[in-house]
**Student:** 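Pasting a structure here, questions to come.
We count ligands from 1, going down the list as the structure has it; atoms in each ligand are counted the same way. On a predicted model such as this, the values are computed, not experimentally measured, just so you know.
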Amino acid sequence: MRATRSLMTLLSATALLLGSQFAYADRFKDIEITATPLSDNIFMLTGSGGNMAAVANPEGVLLIDSQYAELADKIRATLTTLSPAPLTTLINTHMHGDHVGGNAALAANANIVAHKNVRPRLMSNANFDKAGLPKTNIEQTTPLQHGLIELVLEPMPASHTDGDLLVWFPEQNIVHMGDLLFQGRFPFIDTNNGGNVQQYIENTRYVLSRIDDNTKVIPGHGELTNKAGLAAELAMLEQTLALVQQMRAQGLSEQQIIDKGLGTQWQAWHWNFITEERWIKTLYQATEA
Ligand SMILES: [Zn+2]
């Protein structure tokens, strides 16, 4: 009887495990990788996870971020439609799983480039396939020539994480901001991995000062945007931080601020990952009594 019961327990545990694996695979089943042309040979790619970009030259493909390992076949298939050439360079904007998950599956034979703080963070992540570790670790602003296209890789002071990299295309007037921009949404600021709210705002101001009305701005999450979109994000960051600071100065606790909320003006920025409550908690941590 006891043996039967433990066999049953084992069977149902196995069924649960298999079920959850199927559910996980299912999550990517209907995802399509879409390529939007931004300039000659330069594309923004979307699927699930952080927005990617590609330079699809006839002699070699450069990819920015790799989403998830489960999407690697679909990403490769889309890249093949843009250029038959192999992937030679992969740039990671930072260390989060929805930006580096496909590294090993897509780019084990390519040069993988990231901010110098990304490699040690991925080394200590047991779930990360080490065949996808960065090989070139950037410490300062670095030009990178890919065929006829010039990119500039700019490591930023810690803000979303402590390994954030901006990718500029000066000639084409395009910037990939990684998760230094969540377009139209409250951002995730990963304070457990070196993130910092004040510096996130500083970095947003910095990018705004470097772009013009024609710049194409690729956010880590959300739609392709421009200077006006980035300015709106900055206004949200500054005003919601000031609001939380003000309420805290009036003696409200974190919970009381959550109960009161940020007001109707910012409702549209709430999303399933960074809810208004979570954003208030992030801001509260960044303020002082
Ligand atoms: Zn991120």
**Student:** I want to check something: taking the side chain as every heavy atom from C-beta on, are I274 and W269 in contact at a cut-off of under 4.5 Å?
**Tutor:** no

**Student:** For N/O/S atoms only: which one belongs to D179 and is nearest the Zn ion (ligand 1)?
**Tutor:** OD2

**Student:** Could you tell me whether any N, O or S atom belonging to H160 is less than 2.8 Å from the Zn ion (ligand 1)?
**Tutor:** yes

**Student:** Give the ring-plane orientation class for H221 versus F182, where under 30° counts as parallel, over 60° as perpendicular and anything between as tilted.
**Tutor:** parallel

**Student:** In terms of relative ring orientation, are W271 and F273 parallel, tilted or perpendicular, with 30° and 60° separating the classes?
**Tutor:** perpendicular

**Student:** If you check every N/O/S atom of H94, which is the one nearest the Zn ion (ligand 1)?
**Tutor:** NE2

**Student:** Mind checking side-chain hydrogen bond (donor to acceptor under 3.5 Å, both in side chains) for D129 and listing every partner two or more places apart, or none if nothing turns up?
**Tutor:** none

**Student:** Provide the atom name of the closest N, O or S atom of H96 relative to the Zn ion (ligand 1).
**Tutor:** ND1

